[in-house]
Amino acid sequence: MSDFSEELIRSKTEDDKEESCVFSGTGMSFPWLQKHIGTVETGGKKEKDFAQTTSACLGFIQEALLKHQWQQAADYMHSYFQILEDSDSHKRQAAPEIIWKLGSEILFYHPKSSVETFNTFADRMKNIGVMNYLKISLQHALYLLHHGMLEDANRNLSFHLRTFSLWADEDDYAYNTASQNMFDHSWKTSVNLRALIQTPGVWDPFVKSYVEMLEFYGDQDGAREVLTNYAYDEKFPSNPNAHIYLYNFLKREKAPREKLISVLKILYQIVPSHKLMLEFHRLLRKSEKEDHHKLGLEVLFGVLDFAGCTKNITAWKYLAKYLRQTLMGNHLAWVQEEWKTRKNWWPSFHFSSFWAKSDWKEDKALACEKALVAGILLGKGCRYFRFISKQDDQVLRKKIKQIKKSVKKHSVVNPGL
Amino acid sequence: MTMPRTLAFCYLSLLWQRETITLSDLLRFVEEGHIPYINAFQHFPEEMKLYGRDKGIFAIESWPTYEDIYKKVIEIAKFLDLPRFPDITEDSYLHPNILCMKYLMEVNLPDEMNDLTCQVVKMTGIGEVDFLTFDPIAKMAKTVKYDVQAVAVIVVVLKLLFLLDDNLEWTLSNIAEKYNEKNKEDKPWFDFRKWYQVMKKSIDEKKQKWEEARAKYLWKSEKPLYHSSIDRAVVYKRREMVVSLQKQFSALVDSAPTVEKKSPSSFQFNWTEGDSARTCFHGHGLQGILKKKGQSLTTKNSLYWLSTQKFCRSYCKHVTTYEESNFSLSYQFIINLFSFLLRIKTSSLHEEVSLIEKILFKRKYGKTKKKSRSRKGRKY
């Protein structure tokens, strides 16, 4: 047999009978019945060809988008719009969202599309269905921001939000009058965006962009208020990003250390493994208060509790240095307190002989820092320390010597006891 | 009176006139837009205002299907109490001999197969005047599905020649290929494999285009239909929205040369001799698959398998079912090819094939004992 017959046969499924003659024929099959069962969903009516057209069209659009064939996608999109006139009300109502998502995607990437085209499209889509209005407005503003058109985005958004709020707050007369009095298209009308951000929710990208806008126009107080509200309002879901934004803002503003510490304290409680914790530690270290120093130690240990930070050389460096500092400051109790909960599992988590070999191979500097910490906490008899101290390395010989000295001096573990 | 019924009525008149058009052709013309159907009301004069219940009639969201229109044809003929239609004789287009010839040409099969189709027609008696002519008054009023039947005859002939069991047809192709290699000057023997390759490619292309055209089809017209004056505003607004969105996106689509609307043709495929890209098999010979037996020729293949072992005798609408996985791939390909050509369901064609076989192998069905294969020698 030649290729083609083989090709045909290969495409057969496994349980196809060789004999095409249906001799056994006991299995009854009713393919037409299946189709009828399929129509139970639609209330007994067969799917109309119109519906078939739209679903086939949607399939082609999605395929074209996957293959980045923007031309073809636009072509099919042109035909897809008729779903807005579908006699089936469910489909008609679900349509605008689908059209917006697909259409905006196409217009974003299509070579012939421009900002004007996008704007026109967005404006048209906003006018279909009220619920979509705000969503599309926000996404439209993001698109404009993405293209660096800050002012346009601002103007656009504030205009639409004002229109929306006029519609939404029909009962609130006072609010209405106040908002009606605002005519100028300057950025101050963005207070309506603030109203949006005040509703509980996760608005990260909007908050970020909004704050950027405010800073750009020099309204530091406004920005600070927005961020503080976003971070501290209890109605909002707990969101670590809110605190991060606030912290970064305050850093830019060069706020006092106390303030920064208080913000990061909350972040520490939510996400103790965050990379900002190292910055937090630095702030605490520099502070003058003793509880801050103690917290600093806590924070460092906290960071290294997490698997994601085990190879963070900065964290280990800080810990090594800080342990020495703490012990020299006669705060053995603090170290002991932190170590109490960890002495059962840190040795195998960080200081096993496997880690010793692996760390030495990968990053000698890291290994040294860890060795110092291990030596201090577990004594010079521990595997990790012994392994590292035996290593002979030209560059780090001096360092290893220093480590041995430190451990001898500061070790928490007394060999005698 | 609805649009499908109007279409059925048109067909009745065409049948009365014995025009050279089959029902599948008619429906295809509707699909291709040569006959106004979907938004027919657009062509009405200005003064005719449509509203209310007219919407239900004229706002169509499905293409007419063969089965549906066929049923309506019979219903309307009975309703109108029409007398026996003018005879369909051997000269008329709708006679199976002529339709078989037409379809053989269309699917690029050799002209020599015509003899065989005529033989089958003669043996089954489906070429008789009384069988073919539509008589609504008759007890079992039925009109023959001329096109489907002709195609079914061709399928039966292919089964006779090639068995279509995913084995013999390829073996015979090997023989034909060997002969053709050695004898390049003579009339070539028909090679099933080559034919399959050519047809598969062509039909896949056509199908793809058809699917794309269906996906892009614009159902709604310029003038939207509405139920009452309340709807009017909403409906018009929606239309305006859609039009403006379409305009925007059509600017993005390359202004590629739009395919000129082809004039309606009865043939979907055209094959010409001498086209190297698409081989034309019309002139090929069947010597490879026929052999001499005394004074006449018979097929090399002496086996046959029936499409339906047993027919359903109860009151359901179907006499048989078609479960694809029970049949050979070659058979499936042939059925799919012809069903696409006529735009009918594969099960309808399969049923028609079974019915022809029922008449042809009457004796076999009469027997109570089941036999796995029947042996039949064909004499010419």
Side-chain angles (χ1 to χ4, degrees), chain A residues 1-2 4-6 8-9 11-13 15-23 25 27-32 46-60 70-72 74-79 81-82 84-85 87 92 99 103 106-107 110 112-113 117 120-121 124-125 127-128, chain B residues 59-63 164-167 169-171 173-174 177 193 196-197 200 211-212 214-220 224 235 238-239 241-246 248-254 305-310 317-318 321-331 333 345 347 370 372-373:
Chain A
M1 268 195 245
S2 92
F4 290 90
S5 41
E6 274 166 355
L8 268 181
I9 288 175
S11 60
K12 259 186 179 179
T13 55
D15 45 25
D16 256 3
K17 297 190 223 145
E18 258 270 30
E19 291 286 304
S20 50
C21 178
V22 187
F23 192 27
M28 297 200 292
S29 59
F30 299 100
W32 48 267
K46 202 179 96 148
E47 188 192 45
K48 295 209 182 119
D49 286 336
F50 178 84
Q52 269 180 23
T53 297
T54 49
S55 61
C57 197
L58 184 63
F60 279 115
W70 312 116
Q71 200 89 280
Q72 266 210 328
D75 195 14
Y76 282 110
M77 197 71 213
H78 179 267
S79 308
F81 288 126
Q82 62 182 336
L84 289 168
E85 291 178 290
S87 47
R92 210 175 44 229
I99 291 181
I106 296 173
L107 287 177
H110 196 287
K112 276 200 206 159
S113 138
T117 347
T120 334
F121 181 63
R124 286 222 183 86
M125 291 310 296
N127 287 322
I128 308 177
Chain B
I60 304 179
E61 297 195 331
S62 287
W63 276 288
L164 297 182
D165 65 343
D166 281 343
N167 200 337
E169 60 269 30
W170 307 117
T171 318
S173 303
N174 290 339
E177 198 180 324
R193 185 180 291 116
Y196 167 78
Q197 285 168 265
K200 180 132 173 66
E211 273 169 13
E212 283 175 11
R214 277 210 156 188
K216 284 196 211 167
Y217 191 79
L218 294 174
W219 288 87
K220 303 289 177 181
V235 166
R238 276 194 211 134
R239 181 97 278 262
M241 177 78 62
V242 171
V243 166
S244 69
L245 284 168
Q246 282 180 334
Q248 202 181 9
F249 271 76
S250 61
L252 289 177
V253 180
D254 241 348
W305 53 270
L306 295 167
S307 290
T308 298
Q309 291 279 338
K310 207 169 175 191
K317 291 188 248 176
H318 308 260
T321 60
Y322 176 55
E323 180 56 55
E324 283 182 345
S325 53
N326 289 336
F327 297 94
S328 67
L329 293 169
S330 312
Y331 183 73
F333 170 70
K345 283 197 281 232
S347 49
K370 275 196 194 164
S372 60
R373 291 183 205 265

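Residue numbers start from 1 in every chain, and the chains themselves are labelled A, B, ... in the order their sequence lines are given, proteins ahead of strands.
For the atom pair B:Arg239 CZ and A:Glu85 CD, the distance stands at 4.0 Å (nearest 0.5 Å). In this structure, the separation between CG on B:Leu218 and NE2 on A:His78 is 6.5 Å, given to the nearest 0.5 Å. If you take CD on B:Gln248 and CZ on A:Arg124, they are separated by 5.0 Å, rounding to the nearest 0.5 Å. The structure places CG of A:Asp49 at 10.5 Å from OH of B:Tyr217, a figure rounded to the nearest 0.5 Å. To the nearest 0.5 Å, the span separating CE on A:Met77 from CG on B:Leu245 amounts to 8.0 Å.
Interface remark: B:Ser173 contributes no atoms to any contact with chain A (heavy atom separation under 4.5 Å). If you measure heavy-atom distances from B:Glu324 to chain A, you find no contacts under 4.5 Å at all. Heavy atoms of A:Leu58 lying under 4.5 Å from chain B are absent altogether. Contacts of A:Ser87 with chain B are made by both backbone and side-chain atoms, with heavy-atom separations under 4.5 Å. At a 4.5 Å heavy-atom cutoff, the contact between A:Leu107 and chain B is made by side-chain atoms alone.
Closest approach of B:Ala215 to A:Ser79, counting heavy atoms only: O-CB, 4.2 Å. Residues A:Phe81 and B:Val242 share a closest heavy-atom pair of O-CG2, 3.6 Å.
By number of non-hydrogen pairs under 4.5 angstrom with chain B, the leading residue of A:Thr117, A:Asp75, A:Thr54 is A:Asp75. Taking B:Lys220, B:Glu169, B:Glu211, B:Arg214 one by one and counting their heavy-atom pairs under 4.5 Å with chain A, the maximum is reached by B:Lys220.
A:Tyr76 pairs by the ring-ring contact (aromatic ring centres under 6.0 Å, His included) definition with A:Phe60, not counting sequence neighbours.
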